Structure formats: structure tokens, C-alpha cells
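Here the structure is a predicted model, which means the values were calculated and not measured.
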Amino acid sequence: MIDGSFPANARLGILAGGGSVPEEVAAAAASRGHAVHVVAIDGEADARFPGVSVTNVDWGQIGRMLRAFRDSGTTHLVIVGRVSRPDLTRVKPDFGLVRAIPQIIRIMRSGGDDGVLRGVIRFFEGHGLNVVGPADVAPGLVAGNGALGEIEPSATDRDDIELGLKVVGVLGRFDVGQGVVVRSGTVVAIEGAEGTDRMLSRVTGNGTSRLGVLVKRPKPQQDMRVDMPAIGPDTVSNVARAGLHGIAVLAGKVLLTQRDELLRRAGEQKVFVAGVASREASDSASLPVTSTTGDDAARGVAIIEELRPYVDSRSVVVAGKYVLAVETGEGTEAVLKRVAGLRQWGSQRIKRRVGHAVLAAGQPIEAVHVDLAAAAGLRGLAAMGANQISGAARERARVLGVELSQPDIREVQPS
């Protein structure tokens, strides 16, 4: 949908998570004369929404959400804002949630963020709401083509940007995150389930010189009505803290939040912000999205194989079809520590272990990996190379109940 296709007589509902985007979308709609009602999720939404009616709900109050939109006459719905993946053992259910349980179970089993979010869209559309994207309501938030401000990307930056766009395109087909960090032709960080800010926190500077780029773009075939990538002032500060030279986003496909403050910080901290068009990005957008079927180990193998032309990743962690982390030089031990505690959609505080860490050929499975996998709640470890499971690892796996396997990589061909 593009600017102008949002009906003039639409009454807008906003299901609001955290951050400034829900408030900015509400303000944009109100300024164009639309009636707006916000349903703010407790513990997530943190904006004030001046001059707009608001209903606060718990994650589990599905009936209250739908009733608020119905009573306000909502015709079109934007689902926007930062959310944590809820612990379903702590929600406060109402009868609407109980009635929706079969649908919710199907959504949670769909695999990956993209599948969950598409299921959420179908749920609300099934209740008579037309789901639209924030860009449809507030096109002024969308990044255009070219540099914003006075700082321009260098030739090295532009090469890094193209590599970053390629890598996110490949990863997006496996429903992995929307961002990577590239420095002088090397991918130094990949966004997993932890999000952009935490990814940037593990990127270290390069002395006094600024070098490297954060690249953000949507996943191929991503439904832009939900989970549209966004950057804001804090992204700029985190990029500067990481010693990077700038931020590149795919023009027309990424939101710029708090634009004035974003540009002020970018100028102050000597960080470029640029919208870019890329033939590689358009090409990869037409590629088929890799199926979410198959076991976690096979999925991890496929990611390592697909990334091989761009990234020499030593390990990937997949849990219940969710790709939690992709190693990019920090080491497998660091990756296993990082995934501990990352909660996914629908996860419960249960003892059953889920997921596998897949180690590339040449990366032996040692006892320490078994210990860390068990601590992270993973079901097992898979070795892509022959004879790379140590005797000590086998003994620790026997004691801790961690599965060790060697998938047949001939059955997992790049698509």
C-alpha cells in the first residue's frame, strides 16, 4: 500500500508496543483528520499519546483488545512498536483469549517471527479489521534514497553496504534478523533473536578511526505491514559507540523514528545515515523463502552452507525453527552463552530442552560446548564435519542428557 491508498474516512486503531513509532503514527493519522484509538500493551507501550483515546490491556486480554477496537469504530489497524516475546505463564487471560486458544496455538507453531506475525494479521483481519502498515499511515517516517545530513558514505562504506544487503537477503530467507555489521569487507556481526541494539553492543571500535557500517533492510518477501525495520536516535548512538562510520538502510523500506533527533545525533557524532537502493536487494527479494519445515539441525546446516560465500560462520543456533544466533568470529562459546535466556514466541518455563547448535566442519565439539548447550536449554549439538566430537564431549553429553549428532550435509543443499 502507498500514500494515498489509506482511505480518507478510515478510523484507525493502533495496537501499540514500545518506542516512539506508535505515537508518531497516531500523530500523523490525527493530523490528517482520522479518528484514532490506541490499545497499549501493558509493560510494552511507553508513549504518552497526547490527544488520543487509549485503552490499556494485558497480553492475555484478547477480548478486551477486540472490544476496544469495535467500540471505537476502528476500520483499519496498525500493529507497531517494540515488544518482548511474552512468557505465556504470566499473562492475565480473559474469555477472548480462551476462545482464541486454538488459533493462537496454530500461530505459535507456524515457525519463526514471520510466520507468527502473518498469523497475527490473519487473526485481526478475521475479526473485520483491515491491517495496514505504519508507512501507509505515516509515509513521512520512511527513509528516502540518499544521505541524510552532510556526512556521506565512503567508497569502502558503499562496498560494505552492498555486502551487508546481500547477507541480510540470504539470512532473511531463513527468517533471521534484519541487520548486519560489515567492516572493510568482513561481516563482524549478524542480528539474531537479541535485536539490533544488543548486536551492536558486542561490536568493538577500531581505535580512533570510524570504520564499518550497520546495514538494515527487510527480509525478502517480508509483509511490510508488520515488523517493518526501524532505526532511531539510539541506533545512531550505539553505532557511534561501536566505532562504526554509519548506517545504511534500504530506501523506502525502513522507518526513521524521531527523525529530527536522529539527524542531530548523527551530525554531532559524525555518523552518516543513508537510504540506499540496491540491485542485489531487489534480486534477493524475488528468491523463494526457505521452508520452515525440517529439524533445527538441518536448518542450521543450511544457513552455514548458504552463508559460505560471504561469511565463514563456525556455528548457528536454532530452537524450534527460530534462528537464535549466527556466529561471525566471536567463537562458538560466546554464541552459546548469548542464546541462554533468549525467549521466543510462546516459550514457557518448562524443563524440556529445545533446539540445536550446529558446528561447522573444522569446529570440534568439546566438553565446554556441551556444558554451555545444556545451560542454554538446548536439546543437542550437531557436527557438520566427521570425527569432530571429542571423547570428553561424549561423556559430558551422556551425563547431561545432551544429544550429539552428525547431520548428512548432502541432504541439505543450498536453495
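Glu23 pairs by the side chain to side chain donor-acceptor pair (under 3.5 Å) definition with nothing, not counting sequence neighbours. Legend: residues meeting side-chain contact (heavy atoms from CB on, under 4.5 Å) with Arg82, ordered by chain and number and at least two apart, are Asp46. Every side-chain contact (heavy atoms from CB on, under 4.5 Å) that Val317 has, sequence neighbours left out, goes to Leu324, Val335, Leu336, Val339, Ala357, Leu378. Applying the salt bridge (Lys or Arg N to Asp or Glu O under 4.0 Å) test to Arg379 and every residue at least two apart in sequence or in another chain returns Glu403. With sequence neighbours excluded, the residues forming a side chain to side chain donor-acceptor pair (under 3.5 Å) with Ser53 are His37, listed by chain and number. Partners of Ala29 under the side-chain contact (heavy atoms from CB on, under 4.5 Å) rule, at least two apart in sequence or in another chain, are Leu12, His34, Val36, Val137. Partners of Ile151 according to the side-chain contact (heavy atoms from CB on, under 4.5 Å) rule, which considers only residues two or more places apart in sequence or in another chain, are His245, Lys270, Phe272. Here Arg198 pairs with nothing under the salt bridge (Lys or Arg N to Asp or Glu O under 4.0 Å) rule; sequence neighbours left out. Scanning for salt bridge (Lys or Arg N to Asp or Glu O under 4.0 Å) contacts around Arg259 gives an empty result, with sequence neighbours left out. Residues forming a salt bridge (Lys or Arg N to Asp or Glu O under 4.0 Å) with Arg308 (at least two apart in sequence, or on another chain): Glu305.
The salt bridge (charged side-chain N to carboxylate O under 4.0 Å, His left out) pairs that include a residue from residues 10-20 number zero, where partners must be two or more places apart or lie in different chains. Legend: ring-ring contact (aromatic ring centres under 6.0 Å, His included) pairs involving residues 209-228, not counting sequence neighbours: none detected.
Residues Arg394 and Ile389 have side chains in contact (heavy-atom distance under 4.5 Å, counting atoms from C-beta outward). Between Arg265 and Asp234 there is a side-chain heavy-atom pair separated by less than 4.5 Å. The closest side-chain heavy-atom distance from Met199 to Ile190 is not below 4.5 Å. Put simply, the side chain of Leu359 does not reach to within 4.5 Å of the side chain of Met384, judged on heavy atoms. Put simply, the side chain of Arg217 does not reach to within 4.5 Å of the side chain of Lys253, judged on heavy atoms. Residues Ile14 and Val25 form a side-chain contact, since some pair of their non-hydrogen atoms from C-beta on lies under 4.5 Å apart. Between Thr55 and Val38 there is no side-chain heavy-atom pair separated by less than 4.5 Å. Using a 4.5 Å heavy-atom threshold, the side chains of Val188 and Thr328 count as separate.
Under the 4.0 Å criterion applied to side-chain N and carboxylate O atoms, Arg264 and Glu268 are assigned as salt-bridge partners. Between Glu330 and Arg338, at least one side-chain nitrogen of the basic residue sits less than 4.0 Å from a carboxylate oxygen of the acidic one, meeting the salt-bridge criterion. With respect to Arg225 and Glu125, a salt bridge is recorded, a charged nitrogen being found less than 4.0 Å from a carboxylate O.
Leu400 and Ala374 make their closest contact through CD1-CB, 4.0 Å (heavy atoms, listed as atom of the first residue, atom of the second, distance). Of all heavy-atom pairs between Arg183 and Ala242, the closest is NH2-O, 3.3 Å. Between Leu255 and Pro134 the shortest heavy-atom distance is CD1-CG, 3.8 Å. Ser315 and Thr332 make their closest contact through OG-OG1, 3.0 Å (heavy atoms, listed as atom of the first residue, atom of the second, distance). Residues Ala26 and Val52 approach most closely at CB-CG2, 4.4 Å, considering heavy atoms. The two residues Ala382 and Pro407 make their nearest non-hydrogen contact at CB-CD, 3.7 Å.
In this structure, Phe69 CZ and Leu77 CG are separated by 5.0 Å, a value rounded to the nearest 0.5 Å. Rounded to the nearest 0.5 angstrom, Ser313 OG and Glu327 CD are separated by 5.0 Å. The distance from atom NZ of Lys337 to atom CG of Leu372, rounded to the nearest 0.5 Å, is 6.0 Å. With rounding to the nearest 0.5 Å, the separation of NE2 in His76 from CG in Leu129 is 9.5 Å. The distance from the CG atom of Leu211 to the CG atom of Asp157 is 7.5 Å, given to the nearest 0.5 Å. Atom CG in Asp175 sits 13.0 Å away from atom CZ in Arg173 (nearest 0.5 Å).
For Gln388 (side chain) and Ile365 (main-chain N/O), no donor-acceptor pair under 3.5 Å exists by modelled atom type. Using a distance-only test at 3.5 Å, with no hydrogens or angles considered, no donor-acceptor pair links the side chain of Gln363 to the main chain of Ala360. Checked by atom type and distance alone, the side chain of Arg314 pairs as donor or acceptor with a backbone atom of Gly329 at under 3.5 Å. Remark: the backbone N or O of Gly133 is paired with a side-chain donor or acceptor of Asp136 at under 3.5 angstrom. Within the 3.5 Å criterion, the main-chain N or O of Ile231 finds a donor-acceptor partner in the side chain of Thr257. A donor-acceptor pair under 3.5 Å is absent between the side-chain atoms of Glu24 and the main chain of Pro22, judged by distance alone. The backbone N or O of Ile41 sits nowhere less than 3.5 Å from a side-chain atom of Glu44 that would complete a donor-acceptor pair. Remark: side-chain polar atoms of Asn130 are paired, donor with acceptor, to backbone N or O of Thr75 under 3.5 angstrom.
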Please test Leu200 against Leu244 for side-chain contact (heavy atoms from CB on, under 4.5 Å), starting from the C-alpha separation and ending with a verdict.
CA-CA 10 Å; Leu200 288 169; Leu244 304 176; 4.0 Å; yes
Would you sort out whether Arg396 and Glu366 count as a salt bridge (charged side-chain N to carboxylate O under 4.0 Å, His left out), showing the intermediate values?
CA-CA 9 Å; Arg396 289 300 293 163; Glu366 305 288 358; over 6 Å; no
Test side chain to side chain donor-acceptor pair (under 3.5 Å) applied to Glu152 and Ser154, step by step:
CA-CA 6 Å; Glu152 297 269 356; Ser154 67; over 6 Å; no
Does the side-chain contact (heavy atoms from CB on, under 4.5 Å) test come out yes or no for Val323 and Ile303, once each step is laid out?
CA-CA 9 Å; Val323 181; Ile303 290 170; 3.6 Å; yes
Applying side-chain contact (heavy atoms from CB on, under 4.5 Å), run through Met228 and Val254 and close with a yes or a no.
CA-CA 6 Å; Met228 190 172 181; Val254 177; 5.8 Å; no
Give the intermediate values and the outcome of side-chain contact (heavy atoms from CB on, under 4.5 Å) for residues Asp42 and Val57.
CA-CA 6 Å; Asp42 288 337; Val57 301; 5.7 Å; no
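Of the options Asp160, Leu163, Val215, a side-chain contact (heavy atoms from CB on, under 4.5 Å) to Val187 is made by Leu163 and by none of the others.
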